[in-house]
Amino acid sequence: MALPKNQRYVQPQNVHEAMEVIQDLFNQYRHEPMTQQLLNYHLGLTQRLQTDIYVTAVKENDPQQLKQLNGMIEAMKTWTQIRTSNRPFNAKMKNFKLVSSNRPKFKKHSHKIKGQHNFHAARH
């Protein structure tokens, strides 16, 4: 049994939901090998951000959201520039901004000190 066409796709109810959906999609394909199909898909998402989602954001009249949307559009353009020049892209989108994932990770081992209290000692 097939769903009606209006129920097949994710239909966000406001600008914030639409931005979250696009952010999740971007984070899924950001490391995929560059193909023409992927580039067209990405440019389509960027175009949606710049047209109908932007118009809806202006109608909602939330300056913070417009600022986040403009930052997200710039982040999507940055990905396009980096990937089309065959350079590696090592960032992800979080809170509608690009966040670098080049930080060193430190392992922290903690153990409870014996006694009545809940103190933990850190072992680096």
Side-chain angles (χ1 to χ4, degrees):
M1 181 172 147
L3 291 173
K5 190 170 187 172
N6 62 352
Q7 293 180 355
R8 279 193 291 177
Y9 304 104
V10 176
Q11 296 177 345
Q13 302 300 317
N14 57 26
V15 174
H16 192 266
E17 284 183 20
M19 289 170 61
E20 284 180 341
V21 168
I22 291 176
Q23 176 177 274
D24 291 341
L25 291 171
F26 174 80
N27 284 333
Q28 288 176 8
Y29 71 75
R30 64 194 162 104
H31 291 307
E32 294 297 317
M34 191 64 163
T35 61
Q36 187 61 41
Q37 184 179 7
L38 178 64
L39 183 61
N40 291 341
Y41 182 76
H42 176 77
L43 293 175
L45 289 178
T46 307
Q47 187 66 27
R48 291 294 296 266
L49 284 172
Q50 293 173 334
T51 55
D52 52 343
I53 295 174
Y54 189 82
V55 169
T56 308
V58 170
K59 287 179 185 175
E60 287 184 5
N61 198 19
D62 185 1
Q64 177 68 22
Q65 194 166 11
L66 275 173
K67 184 178 174 184
Q68 288 178 338
L69 181 60
N70 286 328
M72 188 173 180
I73 291 170
E74 289 304 314
M76 299 281 274
K77 288 180 181 178
T78 302
W79 182 87
T80 306
Q81 292 170 351
I82 291 173
R83 289 304 307 266
T84 54
S85 63
N86 284 333
R87 293 193 325 240
F89 183 79
N90 50 1
K92 73 177 198 174
M93 194 175 296
K94 184 175 182 181
N95 295 328
F96 314 118
K97 293 182 264 186
L98 288 180
V99 178
S100 178
S101 56
N102 280 346
R103 285 189 233 150
K105 294 186 178 182
F106 297 102
K107 292 183 179 179
K108 178 182 171 187
H109 300 285
S110 63
H111 72 284
K112 281 192 173 182
I113 299 173
K114 294 183 181 178
Q116 296 291 336
H117 40 73
N118 271 336
F119 299 123
H120 289 262
R123 301 271 174 110
H124 296 284

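Throughout, numbering of the chain's residues begins at 1 and tracks the sequence.
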Checklist entry - Going hydrophobic residue to hydrophobic residue with side-chain gaps under 4.5 angstrom, can you get from Ile82 over to Val99? => result no
Checklist entry - Shared ILVMFWY cluster between Leu69 and Leu43, side chains joined below 4.5 angstrom? => result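 Per the 4.5 Å side-chain linkage, Leu69 and Leu43 are co-clustered.
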Next on the checklist: Quick check: closest heavy atoms across Ala18 and Pro12, and the distance to 0.1 Å?
Outcome noted: N-CB, 3.5 Å
Item to check | Residue pairs, two or more places apart or on separate chains, that pass salt bridge (charged side-chain N to carboxylate O under 4.0 Å, His left out) and touch residues 9-23 | outcome: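 Qualifying pairs: none.
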Sequence neighbours excluded and cut-off under 3.5 Å, please list the side-chain donor-acceptor pairs for residues 49-63, or say none.
residue	atom	partner	partner atom	Å
Thr51	OG1	Gln47	O	2.8
Asp52	OD1	Arg48	NE	3.4
Asp52	OD2	Arg48	NE	3.0
Asp52	OD2	Arg48	NH2	3.1
Thr56	OG1	Asp52	O	2.8
Asp62	OD1	Gln64	N	3.4

Please list, chain by chain and in numerical order, all residues satisfying side-chain hydrogen bond (donor to acceptor under 3.5 Å, both in side chains) with [X], sequence neighbours excluded.
X	result
Arg30	none
Asn90	Asn102
Gln28	none

From [X] atom [atom1] to [Y] atom [atom2], the distance as rounded to the nearest 0.5 Å:
X	Y	atom1	atom2	answer
Met72	Gln65	CE	CD	11.0 Å
Phe96	Ile22	CZ	CD1	10.0 Å
Met93	Met19	CE	CE	9.0 Å

Checklist entry - Would you call the rings of Phe26 and Phe89 parallel, tilted or perpendicular if under 30° counts as parallel and over 60° as perpendicular? => result perpendicular
Checklist entry - Which residue pairs satisfy the side-chain hydrogen bond (donor to acceptor under 3.5 Å, both in side chains) criterion with at least one member in residues 67-86, sequence neighbours excluded? => result His42-Thr80
Checklist entry - Side chain of Asn27, backbone of Lys92: donor and acceptor closer than 3.5 Å? => result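 Not confirmed, Asn27 side chain does not pair with Lys92 backbone.
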